[in-house]
Amino acid sequence: MNQQKLGLITLMVSDYDEAINFYTEKLKFRLEEDEKMSDTKRWVVISPPGEKYCSLLLAKATTDEQRSRIGNQTGGRVFLFLYTNNFQYDYQNLISQQINIVREPIDEVYGTVAVFSDLYGNLIDLIEPKL
């Protein structure tokens with residue numbers, strides 16, 4: 001049987017270093033790769049702690065069309081769903097890092113969820129699934 005998995009999701013950013021700082025310092029993601037490709041392009045991959053397969057590829061916007069997508073990757077819908085096994089710990093980290101909480105935590109049938117935004121305004125669900 002053929003198997004597939006998602007490897008990278010592109011995230012448009014205005015500046016590599018500010019995006020790396022936000023995701024690694026505030027959200028505690030790991031910087032997996034940071035390779036200079038040219039004078040203006042880098043290959044930057046970050047991953048949440050514990051992730052083995054799917055990571056974010058930070059891509060610096062270089063055209064007007066690309067810049068128009070920064071902070072609006074999905075047209076105002078939630079962009080990423082960040083699963084956790086310790087909601088309270090991660091939620092407290094969001095608060096202590098002064099990250100914008102868009103929707104306070106609520107219990108849903110599938111688990112506990114809160115919505116926050118990244119430094120550009122992309123919406124991210126923090127979810128601790130019910131067992």
Side-chain angles (χ1 to χ4, degrees):
M1 177 183 211
N2 185 43
Q3 294 183 359
Q4 297 178 338
K5 62 183 177 186
L6 290 176
L8 296 171
I9 297 171
T10 300
L11 174 62
M12 298 303 300
V13 301
S14 61
D15 181 83
Y16 288 115
D17 293 323
E18 76 177 0
I20 290 169
N21 183 282
F22 176 85
Y23 279 93
T24 62
E25 298 298 319
K26 293 186 178 280
L27 295 184
K28 311 302 183 206
F29 281 35
R30 293 183 318 272
L31 179 61
E32 304 286 355
E33 299 179 58
D34 186 357
E35 300 293 329
K36 184 176 180 178
M37 306 295 284
S38 70
D39 287 342
T40 58
K41 186 176 180 181
R42 289 160 53 186
W43 181 263
V44 179
V45 177
I46 58 172
S47 300
E51 179 57 62
K52 296 179 183 175
Y53 302 110
C54 190
S55 299
L56 294 177
L57 174 69
L58 304 182
K60 184 176 179 182
T62 58
T63 68
D64 287 341
E65 183 177 359
Q66 291 172 358
R67 282 187 284 277
S68 75
R69 303 304 193 267
I70 295 172
N72 193 18
Q73 298 270 142
T74 58
R77 301 284 307 254
V78 171
F79 172 56
L80 297 173
F81 296 83
L82 183 61
Y83 285 77
T84 180
N85 66 349
N86 191 335
F87 185 89
Q88 286 305 318
Y89 176 85
D90 289 326
Y91 184 74
Q92 279 309 124
N93 181 64
L94 297 176
I95 299 299
S96 68
Q97 295 293 334
Q98 299 179 337
I99 293 173
N100 182 37
I101 305 299
V102 176
R103 273 179 254 157
E104 296 294 325
I106 58 171
D107 288 322
E108 295 283 2
V109 295
Y110 54 85
T112 304
V113 62
V115 181
F116 67 96
S117 62
D118 72 2
L119 73 164
Y120 300 114
N122 292 301
L123 298 179
I124 302 171
D125 271 9
L126 175 66
I127 302 171
E128 182 173 2
K130 288 186 179 175
L131 299 177

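On a predicted model such as this, the values are computed, not experimentally measured, just so you know.
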So CG of L8 and SG of C54: to nearest 0.5 Å the spacing works out to 7.0 Å

- Task: Evaluate the side-chain proximity of W43 to L57: yes if any heavy-atom separation is below 4.5 Å, no if none is.
- Result: yes

On a heavy-atom basis, the closest approach of D17 and D15 is N-OD2, 3.1 Å

Here the gap from E108 atom CD to I127 atom CD1, rounded to the nearest 0.5 Å, amounts to 9.5 Å

Distance col, row L11:CG vs S55:OG, nearest 0.5 angstrom, shows 12.5 Å

Check: K26 main-chain N/O paired with N93 side-chain donor or acceptor under 3.5 Å:
yes

Taking every heavy atom of V13 against every heavy atom of A19, the minimum-distance pair comes out as CG1-CB, 3.6 Å

| Polar side chain donor-acceptor pair, Y91 to E128, under 3.5 angstrom | no

Ignoring hydrogens and angles, tell me if any N or O in the side chain of Q66 forms a donor-acceptor pair with the backbone of T62 under 3.5 Å.
yes

With a 3.5 Å distance limit and no angle check, can you tell me whether Q73 reaches the backbone of M12 through a side-chain donor-acceptor pair? yes

In terms of hydrophobic clustering (I, L, V, M, F, W, Y; side-chain heavy atoms under 4.5 Å; direct or indirect links), are L131 and L126 co-clustered?
no

Item to check | Donor + acceptor pair across side chains of S96, Q92 (<3.5 Å) | outcome: no

Between I101 and F116 the two heavy atoms that sit nearest each other are CD1-CB, 4.1 Å

Original post:
Do the side chain of R42 and the main chain of M37 share a donor and acceptor less than 3.5 angstrom apart?
Top reply: no

Side chain proximity check, L56 to L80, heavy atoms < 4.5 angstrom: yes

Do D90 and L27 have side chains that get closer than 4.5 Å, going by heavy atoms? no

query: Does the side chain of L6 reach to within under 4.5 Å of the side chain of Y53, using non-hydrogen atoms?
result: no

Are L82 and F29 packed together at the side-chain level, in the sense that at least one heavy-atom pair is separated by less than 4.5 angstrom? yes

(Q) Starting from I106, can I reach V115 by hopping between I/L/V/M/F/W/Y residues whose side chains sit under 4.5 Å apart? (A) yes

Task: Neighbour count >12 (heavy atoms, 6.0 Å) for atom NZ, K28 - done: yes

**Q.** Between D34 and Y16, a side-chain donor and acceptor under 3.5 Å
**A.** no

- request: Indicate yes or no: at least one non-hydrogen side-chain atom of F81 is less than 4.5 angstrom from one of V113.
  value: no

query: Does the side chain of L31 reach to within under 4.5 Å of the side chain of Y23, using non-hydrogen atoms?
result: no

> Under the 3.5 angstrom rule, does the side chain of N72 hit a backbone N or O of G76 as a donor-acceptor pair?
Replying inline: yes

Dump the intermediate steps for side chain to side chain donor-acceptor pair (under 3.5 Å) on E51 and Y83, then the final yes or no.
-> CA-CA 10 Å; E51 179 57 62; Y83 285 77; over 6 Å; no

Between the CD1 atom in I124 and the CZ atom in F79, the distance rounded to the nearest 0.5 Å is 8.0 Å

Closest heavy-atom pair, P49 versus R30, reported as atoms and distance to 0.1 Å, is CA-NH1, 3.3 Å

Q: Take atom OH of Y110 as the centre, draw a 6.0 Å sphere, and report whether it contains more than 12 heavy atoms from other residues, nucleotides or ligands.
A: yes

Problem set entry | K52 vs K5, side-chain contact (heavy atoms from CB on, under 4.5 Å): CA-CA, chis, key distance, verdict | CA-CA 11 Å; K52 296 179 183 175; K5 62 183 177 186; over 6 Å; no

Taken in chain and number order and not counting sequence neighbours, the residues that satisfy side-chain contact (heavy atoms from CB on, under 4.5 Å) with R67 are A61, D64, I70

